[in-house]
Amino acid sequence: MRTTRLVSGALASFAASLIIGSAASAQAAAKKPKKTSESGITPVDSLPTSPLFASESLLTLTFTTNLKQLRGDRADEVPYRSATMSYTGADGKSVTVPMRAKTHGVWRLKNCNFPPVRLNVANKVVKGTLFENADKPKFVNACRDNDNFEQLVLKEMQLYRIYQVLTPLSHRVRALRVAYRDSASGKVDMTRYAFVFEDPDLLAARIGRGNMIKTKGATTDDIDNKQLALVYLFQYMIANTDFSFNGLHNGELVQHADLRPATPVAYDFDFSGAVNAPYASVDPQLHRDIRRVRQRLFRGYCALAPHYPAAAALFLEKKDAIYALYRDDIGKLLEPDIVKETLEYFDEFYDAIKTPADAERVFRNCVGPR
């Protein structure tokens, strides 16, 4: 992320994938017309989404699978395993949803007692349930079966909720209280808070009638600059440096059916200072600037300078709504000391951008030529 220079071959490949993929998604969209705004762009919230994300209320579930088998899946490529999710429906009756599950991830896959899981939900068998249209949501669990790691999950989930307050061009999430039941023994192994977040392909369909870009090599010329400025400021707020849109590392790009610039979407915030996980570390390449994850480093490109003031103004406008997330029913799942510490940490960010002159000092540390 320290340079915007790219070899011509990589950029050509990226541009080709953008054009071909967008043409395909435009053709698919043409088969099923959607309501559009006066500008001709499909409104973000006009496309159907899963009932799973229609509410932010805590959802109590039982996740059943062969836990020993799933926990043992540590390789880069692993198969899907049979699983179910059970919950109590609005009529008071139990609903059991068949699905498949497999582990994924990088650090957490190798080091957690219970790694993150991707669910795979066949829509034809879950119609009328909360998992209708959920497709392949990511299931984020406590790394270890103790209260400290459970709180880390809730801290990370809150960052997705903040991101949604700032822009709908981000993953929706749902808080869960999960009993993990082993299908072999029939016993509940643990009960912990967790969360699911929206399948990337469904996110792409929702916000751009398109799909996810798979080719690395995008530059600021290829990405919506206004949205990119907002995301960089968000990453600075939460002190996250573990991402790259150019390299598609913890950063996604949505290509649009109408060939607009790609939309950047960030995800995976467990290495951020706001979460402050005990296993998180700073990339050694950044040690000249920071050594600890709690230290903030602005990594936005200088080419985005015209858009940073508006981004800062949006953060100031949304401050009360962001802080309110820590006082609502979901926010109260966090321990009071953690809430206090987190808001004090965000206070430092807001002090850094409280006036245009203050914000300019932050943006002055941008990456690339000025």
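Heavy-atom contacts from other residues, nucleotides or ligands closer than 6.0 Å to NZ of Lys318 number 12 or fewer. Residue Asp329 places its CG atom among 12 or fewer non-hydrogen atoms of other residues, nucleotides or ligands, all under 6.0 Å distant.
At a threshold of 4.0 Å, the pair Asp268-Lys138 does not count as salt-bridged, since none of the basic side-chain nitrogens sits closer than that to a carboxylate oxygen. Salt bridge Glu77/Lys102: absent, no basic N to carboxylate O contact under 4.0 Å. With respect to Lys110 and Asp76, a salt bridge is recorded, a charged nitrogen being found less than 4.0 Å from a carboxylate O.
Counting only distance, with no hydrogens or angles, the side chain of His249 and the backbone of Ser244 share no donor-acceptor pair below 3.5 Å. Although no hydrogens or angles enter the test, the distance criterion places a donor-acceptor pair under 3.5 Å between the side chain of Arg291 and the main chain of His287. Judged purely by atom type and a 3.5 angstrom limit, Asp182 has no side-chain atom pairing as donor or acceptor with the backbone of Asn66. For Arg174 (side chain) and Ser57 (main-chain N/O), a donor-acceptor pair under 3.5 Å exists by modelled atom type. Of the possible polar contacts, none joining the Glu335 side chain to the Gln151 backbone as a donor-acceptor pair under 3.5 Å is found. Using modelled atom types, one side-chain atom of Arg206 and one backbone atom of Pro168 make a donor-acceptor pair closer than 3.5 Å. Counting only distance, with no hydrogens or angles, the side chain of Gln255 and the backbone of Gly210 share no donor-acceptor pair below 3.5 Å. Looking only at distances, no side-chain donor or acceptor of Glu132 sits under 3.5 Å from a matching main-chain atom of Pro51. Remark: side-chain polar atoms of Arg288 are not paired, donor with acceptor, to backbone N or O of Gln285 under 3.5 angstrom. Side-chain atoms of Asn250 come within 3.5 Å of backbone atoms of Asp242 as a donor-acceptor pair (strictly under, hydrogens ignored).
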Take Phe63 and Leu176 through the side chain to side chain contact (heavy atoms under 4.5 Å, CB included) test and state the conclusion after the steps.
CA-CA 11 Å; Phe63 175 63; Leu176 310 174; over 6 Å; no
Side chain to side chain contact (heavy atoms under 4.5 Å, CB included) evaluation trace for Arg260 with Asp224:
CA-CA 8 Å; Arg260 287 177 289 148; Asp224 184 321; over 6 Å; no
With side chain to side chain contact (heavy atoms under 4.5 Å, CB included) as the test, would you mind laying out the steps for Arg209 and Asp258 before giving the verdict?
CA-CA 8 Å; Arg209 292 181 295 119; Asp258 55 9; 4.2 Å; yes
Would you please test Tyr323 and Asp347 for side chain to side chain contact (heavy atoms under 4.5 Å, CB included) and show each step?
CA-CA 10 Å; Tyr323 280 40; Asp347 285 342; 2.7 Å; yes
side-chain hydrogen bond (donor to acceptor under 3.5 Å, both in side chains) evaluation trace for Arg181 with Thr65
CA-CA 7 Å; Arg181 190 169 72 91; Thr65 191; over 6 Å; no
Between Arg161 and Gln158, does the side-chain hydrogen bond (donor to acceptor under 3.5 Å, both in side chains) criterion hold? Intermediate values first, please.
CA-CA 5 Å; Arg161 297 181 73 211; Gln158 286 290 89; 2.7 Å; yes
Under the side-chain hydrogen bond (donor to acceptor under 3.5 Å, both in side chains) rule, what do Asp145 and Tyr180 come out as? Steps first, then yes or no, please.
CA-CA 11 Å; Asp145 185 16; Tyr180 297 81; over 6 Å; no
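With sequence neighbours excluded, no residue forms a side-chain hydrogen bond (donor to acceptor under 3.5 Å, both in side chains) with Tyr345. Looking at residues two or more places apart in sequence or on another chain, you find a salt bridge (Lys or Arg N to Asp or Glu O under 4.0 Å) between Arg361 and Asp358.
Here the straight-line distance linking atom CD of Glu317 with atom CG of Leu166 works out to 10.0 Å at 0.5 Å rounding. Rounding to the nearest 0.5 Å places CG of Leu334 at 10.0 Å from OH of Tyr193. Here the CD1-OG1 distance, from Ile238 to Thr342, works out to 11.5 Å after rounding to the nearest 0.5 Å. Atom CG of Leu253 and atom CE of Met212 lie 7.0 Å apart (nearest 0.5 Å). Residue Lys332 holds its NZ atom at 10.0 Å from CZ of Arg327, rounded to the nearest 0.5 Å.
Side-chain contact between Asp283 and Thr241 is absent, with no heavy-atom pair separated by less than 4.5 Å. In this structure, the side chains of Phe363 and Cys302 stay at 4.5 Å or more apart for every pair of heavy atoms. For the pair Val293 and Phe271, the minimum side-chain heavy-atom distance is 4.5 Å or more. The shortest distance between side-chain heavy atoms of Arg294 and Asn276 falls below 4.5 Å. In this structure, the side chains of Cys143 and Trp107 come closer than 4.5 Å at one or more pairs of heavy atoms. Residues Arg108 and Val140 meet the side-chain proximity criterion, which asks for heavy atoms closer than 4.5 Å. Side-chain atoms of Arg299 and Leu286, non-hydrogen and from C-beta on, do get closer than 4.5 Å to each other. The shortest side-chain heavy-atom distance between Leu152 and Pro278 falls under the 4.5 Å cut-off.
Linking ILVMFWY residues whenever their side-chain heavy atoms come closer than 4.5 Å, directly or via other members, places Leu67 and Phe139 in the same cluster. In the hydrophobic clustering of ILVMFWY residues, with side-chain heavy atoms under 4.5 Å counting as a link, Val275 and Phe114 come out apart. Residues Leu325 and Leu59 are members of separate hydrophobic clusters, defined by side-chain heavy-atom contacts under 4.5 angstrom among Ile, Leu, Val, Met, Phe, Trp and Tyr. Hydrophobic clustering places Ile162 together with Val339 (ILVMFWY residues linked when any side-chain heavy atoms are closer than 4.5 Å, directly or through intermediates). In the hydrophobic cluster analysis, where Ile, Leu, Val, Met, Phe, Trp and Tyr join through side-chain heavy atoms closer than 4.5 angstrom, Phe131 is grouped together with Val125.
Using modelled atom types, one finds no donor on one side chain facing an acceptor on the other under 3.5 Å when comparing Tyr301 with Asn225. In summary, the side chains of Asp73 and Tyr80 do not present any donor paired with an acceptor at a separation below 3.5 Å, with no hydrogens or angles considered. Side-chain contact of Asn123 with Asn133: a donor-acceptor pair under 3.5 Å is present, judged by distance alone. Side-chain atoms of Arg118 and Thr103 include no donor-acceptor pair closer than 3.5 Å.
When all heavy atoms are compared, the tightest approach of Arg74 to Leu109 is NH1-O, 2.8 Å. Closest of all the heavy-atom pairs between Ala352 and Val362 is O-CG2, 3.6 Å.
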Cut-off 3.5 Å, no hydrogens considered: what does the side-chain donor-acceptor table look like for residues 82-94, sequence neighbours left out?
| unit_1 | atom_1 | unit_2 | atom_2 | d |
| --- | --- | --- | --- | --- |
| Ser86 | OG | Thr96 | OG1 | 3.1 |
| Tyr87 | OH | Leu130 | N | 2.9 |
| Asp91 | OD1 | Lys93 | N | 3.0 |

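Ring planes of Phe269 and Phe234: perpendicular class, angle over 60° (limits at 30 and 60°).
The aromatic ring centres of Phe243 and Tyr267 sit 6.0 Å or more apart. Ring centroid separation for the pair Tyr163 and Phe197 does not come in under the 6.0 Å cut-off. For Phe315 and Phe346, the gap between ring centers reaches or exceeds 6.0 Å.
Both tests do not hold together for Arg192 against Phe149: distance to the six-membered ring centre under 6.0 Å, angle to the ring axis within 45°.
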